[in-house]
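Report on one structure; see the data block that follows.
Numbers restart at 1 for each chain; the letters A, B, ... are given by sequence-line order, proteins then strands. All values reported here derive from a predicted model rather than from experimental measurement.
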Amino acid sequence: MSDNEIRTLIAQAIEENETILFMKGSPDAPACGFSARTVAMLQQLATPFAAVDVLPDPRIRQELSALSNWPTIPQLFHKGELIGGCDIVTEMYENGELGEALGAPAQSGPAPAPAGAGPAPAAPMGIENRLG
Amino acid sequence: MPSADEVKSRIEAGIPGATAEVQTHDEVHFDVVVRAGAFEGLSRVKQHRLVMDIFDGELGGAIHALALKTEVPT
């Protein structure tokens, strides 16, 4: 698979998933503290999100950063727009803007427990699954 | 390795009217707060890009990590 094809798949994943997080590892097994914190905040908001692990192929991260003009991982997108990385997501979570930006149930007081306590669903077509 | 003062002066030179507070314990990880009128009306991503563009190519190298907070002066 060429670098261009990877970039196209990333762009499609961003377009097809209302909320999508590019991270190191998976929501169940984050491989980096910044990714883990970002997942935890999204789960606290009980907002559904797709997740893509950038670690299986270094080109995923390279092409994602080229596409988004953002150097670091994680990267959270909503409706095709980059919301930010861990710093921005943390700031927005702490001042209540994140839930609003993601269209999550009102973020006020203690966030409700995630319904069913199930793990966030993986992206319907994980990019890594199409790299083989 | 850049000092906190160097990071601060580069941000303030790079964004007219900005004031930056920079803290570092090891001169590779930096905690930075930037206040600038230039941020007015920009999304946080765009605010952060204005700052990160100053260090284009150094993030992940000489500067391992820049924990960044941006504010519009009130």
Hphob cluster co-occupancy, B:Ile11 + B:Val72, side-chain heavy atoms under 4.5 angstrom: yes

Quick check on the hydrophobic clustering: are A:Trp70 and A:Leu42 connected, directly or via other members, by side-chain heavy-atom contacts under 4.5 Å?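 Yes, same cluster.
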
Within residues 76-86 of chain A, which residues come under 4.5 Å of chain B, heavy atom to heavy atom? A:Leu82, A:Ile83, A:Gly84

Report which part of B:Thr70 has an atom under 4.5 Å of a heavy atom belonging to chain A: side chain, backbone, both, or neither.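 The answer is the backbone of B:Thr70.
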
What part of A:Thr72 lies closer than 4.5 angstrom to a heavy atom of chain B: side chain, backbone, both or neither?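 The answer is neither part of A:Thr72.
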
Quick one: list whatever passes side chain to side chain donor-acceptor pair (under 3.5 Å) with B:Arg44, sequence neighbours left out. A:Glu91, A:Glu97

Under the 3.5 angstrom rule, does the side chain of [X] hit a backbone N or O of [Y] as a donor-acceptor pair?
X: B:Asp26; Y: B:Val28; result: yes
X: A:Ser35; Y: A:Lys24; result: yes
X: B:Arg35; Y: B:Glu21; result: no

Within 6.0 angstrom of B:Glu71 CD, more than 12 heavy atoms from elsewhere: yes

